[in-house]
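Some notes on the structure that comes next.
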There are 2 protein chains.
Amino acid sequence: MYSLLVADDHPLFRDALHAVISAGLADTQLLEANDLATAIRTIEAHDELDLLLLDLSLPDADGLEGLKTLRDTFPWLPVAIVSAHQERQLVLDAIAMGAVGYIPKSTPREQLLVALTQILQGQLYLPADIMRRPSAQSEPHVDKLPPETSRGRLASLTDKQLDVLDCMAQGMSNKHIARELSIAETTVKTHVSAILRKLEATSRVHAIVIANKQDLGVYLAQRHSS
Amino acid sequence: MYSLLVADDHPLFRDALHAVISAGLADTQLLEANDLATAIRTIEAHDELDLLLLDLSLPDADGLEGLKTLRDTFPWLPVAIVSAHQERQLVLDAIAMGAVGYIPKSTPREQLLVALTQILQGQLYLPADIMRRPSAQSEPHVDKLPPETSRGRLASLTDKQLDVLDCMAQGMSNKHIARELSIAETTVKTHVSAILRKLEATSRVHAIVIANKQDLGVYLAQRHSS
DNA sequence: CGCACCTTCATCCTTTGGTAGGAGACGCCA
DNA sequence: TGGCGTCTCCTACCAAAGGATGAAGGTGCG
């Protein structure tokens, strides 16, 4: 016997949720609230709640603030977010604030049941499609060749220049680099100038930023391993 | 037929994982690597990998840096973290960086199979015990300020100093920063000096390296969102 | 109110970073 | 052999970065 509370100001969605739950989750009591204030009163009156489904766009609590106050006030109550938003960062923030799950309103019925049972069993639920999308959504064969295209500018550097750039990226001064590589500081300067020209950077800091964007670490690891 | 790659420098753990998988996941090819460099080479040689299990304490890639480079280089490859650490924030950071799961090394065998199958089916997996523990069991006042422990030195910076550091990390010169923030260049210098002192850096480049090691980006994102 | 802290800006000075130009040594290749 | 590129080093010169102070205005707190 589970007892859930749905805090959402859309009656249609509450009804839909009601239908899904009563069809798929036997023996479940479903309470409802259409704003945060009544939700809080309901929680205080029912101290045996198993889960709160919290909408993120309530009239009296927009965004994650409602979640925060609820977590602070009723730390014993698991809260799962229900929202129309689909931003990765929002999901992560919600979990970071103690939510035990994030259910997009676009979730199909069957998946919604999976999510609820998973959460009620003590697991977390995150929308896989959203969380995986930004990087792994396309088929694996498309973005398979990053080497010489993305590494465009890094590849134009000579071995010694890469050595120098590596030192630069670790925060060394020209003098340090000279000692490290056993060459004169003027030589280091020569290399640095060449690096800046090739990377089209305006300063050594800029060069390092560019190099990191182009995965200097991976590039160096690949060179050293081959 | 799944094919997995385990990147972990502990042979014992690799063996244990091997045993669990061959016992519970039929038809699974398991590749192994004991550092990041060989892992990268293995990935390049096997473009049909379904999942990478990445340890967070590899000899040539400590912490989340390895995950970052892997996500940047092979965005098509799902990466799940395997780690002995049990900090909430670390788990969240890993997911934020594109990991599809986080498996503590203390996970019991049965649960490990659950996690792997869940991940291989396209879901995310997070350790419920860790994620629920800190906020749902202890009093609400304890975990309200996580900053100062993990982000040691960064937390000692003032708001303006963080602004300046952010600009620095993007490769701007003092003059640029002055224009960007609408303050005098001498003021920027003052801030930079304070930053170097607090981060115990010897130059602006060094400061940026240190800041990146302490996840400046994540830290700033958290501040701006709160 | 005094006190601490942050932010702002200034001056003076030293060190570092970066450019320009030249030059010698080595290896590679047509 | 001559040309090409890389690595090495040098002399200058100028711009940027950084340290050491001082000082003024603001905020917050006991």
Side-chain angles (χ1 to χ4, degrees), chain A residues 148 151-212 216 219-220 223-224 226, chain B residues 145 147-148 151-212 216 219-220 223-224 226:
Chain A
E148 80 283 6
R151 316 273 204 249
R153 297 197 163 72
L154 278 187
S156 70
L157 297 181
T158 67
D159 288 348
K160 257 287 149 30
Q161 287 164 0
L162 279 173
D163 290 342
V164 173
L165 180 56
D166 189 15
C167 291
M168 286 167 62
Q170 292 174 36
M172 297 189 202
S173 69
N174 289 342
K175 197 176 295 182
H176 265 88
I177 299 174
R179 276 204 294 272
E180 178 73 23
L181 301 182
S182 302
I183 55 180
E185 189 183 342
T186 54
T187 309
V188 177
K189 285 188 172 189
T190 308
H191 289 315
V192 171
S193 288
I195 292 170
L196 297 191
R197 222 179 311 116
K198 289 184 178 178
L199 295 187
E200 296 179 10
T202 59
S203 71
R204 73 162 42 211
V205 193
H206 191 191
I208 294 171
V209 174
I210 292 175
N212 282 333
L216 173 66
Y219 189 64
L220 289 173
R223 287 182 76 89
H224 292 154
S226 60
Chain B
L145 3 149
E148 82 283 9
R151 320 280 202 235
R153 294 195 166 68
L154 280 187
S156 69
L157 298 182
T158 67
D159 289 348
K160 257 285 148 30
Q161 286 163 0
L162 280 174
D163 290 341
V164 173
L165 180 55
D166 190 14
C167 291
M168 286 167 63
Q170 293 173 36
M172 298 189 201
S173 69
N174 289 341
K175 197 176 296 183
H176 264 86
I177 299 174
R179 275 204 293 272
E180 178 73 21
L181 301 182
S182 301
I183 55 180
E185 188 183 342
T186 55
T187 309
V188 176
K189 284 187 173 189
T190 308
H191 290 315
V192 172
S193 289
I195 293 171
L196 297 191
R197 223 177 313 116
K198 289 184 178 177
L199 295 186
E200 296 179 10
T202 58
S203 72
R204 70 163 44 209
V205 193
H206 192 191
I208 294 171
V209 174
I210 292 175
N212 283 333
L216 173 64
Y219 187 65
L220 288 175
R223 295 193 128 247
H224 293 154
S226 60

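Proteins get letters first, then strands, A, B, ... in listed order; numbering begins at 1 in each. Since the model is a prediction, treat every value here as computed from it, not as a measurement.
- Of all nucleotides listed (C/dT16, D/dA16, C/dT7), D/dA16 comes nearest to the side chain of B/Lys175.
- Of all nucleotides listed (D/dA17, C/dC6, D/dC7), D/dC7 comes nearest to the side chain of A/Lys160.
- In this structure, NZ on A/Lys198 lies 5.0 Å from OG1 on A/Thr158, to the nearest 0.5 angstrom.
- Residue A/His191 places no side-chain N or O under 4.0 Å from the OP1 or OP2 atom of D/dT6.
- Of the inter-residue distances, the one linking B/Leu199 atom CG with B/Gln161 atom CD reads 9.0 Å to the nearest 0.5 angstrom.
- Enclosure of atom NE2 in A/His176 is not indicated, since only 12 or fewer non-hydrogen atoms of other residues, nucleotides or ligands lie within 6.0 angstrom.
- Summarising the geometry, the separation between CE on A/Met168 and C1' on C/dT16 is reported as 13 Å, rounded to the nearest angstrom.
- In this structure, A/His176 does not reach the C/dT16 phosphate: none of its side-chain N or O atoms is under 4.0 Å from OP1 or OP2.
- Residue contacts shown for A/Thr186 include a base, since a base heavy atom lies under 4.0 Å away.
- Taking atom CG on A/Leu181 and atom C1' on D/dC9, their separation rounds to 15 Å, with Å as the unit.
- As rounded to whole Å, 14 Å separates atom P of C/dT19 from atom CD of A/Glu185.
- Between the CD atom of A/Gln161 and the C1' atom of D/dG5 there is a distance of 11 Å, rounded to whole Å.
- OP1 or OP2 of D/dG19 sits under 4.0 Å from a side-chain N or O of B/Ser193.
- As judged by a 4.0 angstrom heavy-atom cut-off over every strand, A/Thr187 is placed among the base-contacting residues.
- Among the heavy atoms of the strands lying under 4.0 Å from A/Lys189 is at least one base atom, whether or not backbone atoms are also near.
- The CG atom of A/Asp166 sits 9.0 Å away from atom CD of A/Glu180, with the distance rounded to the nearest 0.5 Å.
- Ranking D/dG18, C/dT7, C/dC9 by closeness to the B/Val192 side chain, first place goes to D/dG18.
- Candidate nucleotides C/dG17, C/dT7, D/dT8 were compared by shortest atom distance to the side chain of A/Ile183, and D/dT8 ranks first.
- Base engagement by A/Thr190 is indicated by at least one non-hydrogen atom pair under 4.0 Å involving a base atom.
- Rounded to an integer number of Å, the gap from CG of A/Leu199 to P of C/dG18 is 12 Å.
- Between D/dC9, C/dT16, D/dC7, one nucleotide has an atom nearer to the side chain of A/Thr158 than all others, and that is D/dC7.
- Atom C1' of nucleotide D/dA17 and atom CD1 of B/Ile195 are separated by 13 Å, given to the nearest angstrom.
- Regarding A/Arg204, its CZ atom lies at a distance of 10 Å from the P atom of D/dG18, rounded to whole Å.
- One interatomic measurement links the two molecules: CG of B/Leu165 to P of D/dG18, which rounds to 12 Å at whole-angstrom precision.
- The distance from atom CD1 of B/Ile195 to atom CD1 of B/Ile210, rounded to the nearest 0.5 Å, is 11.5 Å.
- OP1 or OP2 of D/dA17 sits under 4.0 Å from a side-chain N or O of B/Asn174.
- Here the straight-line distance linking atom NZ of A/Lys189 with atom CD1 of A/Ile183 works out to 13.0 Å at 0.5 Å rounding.
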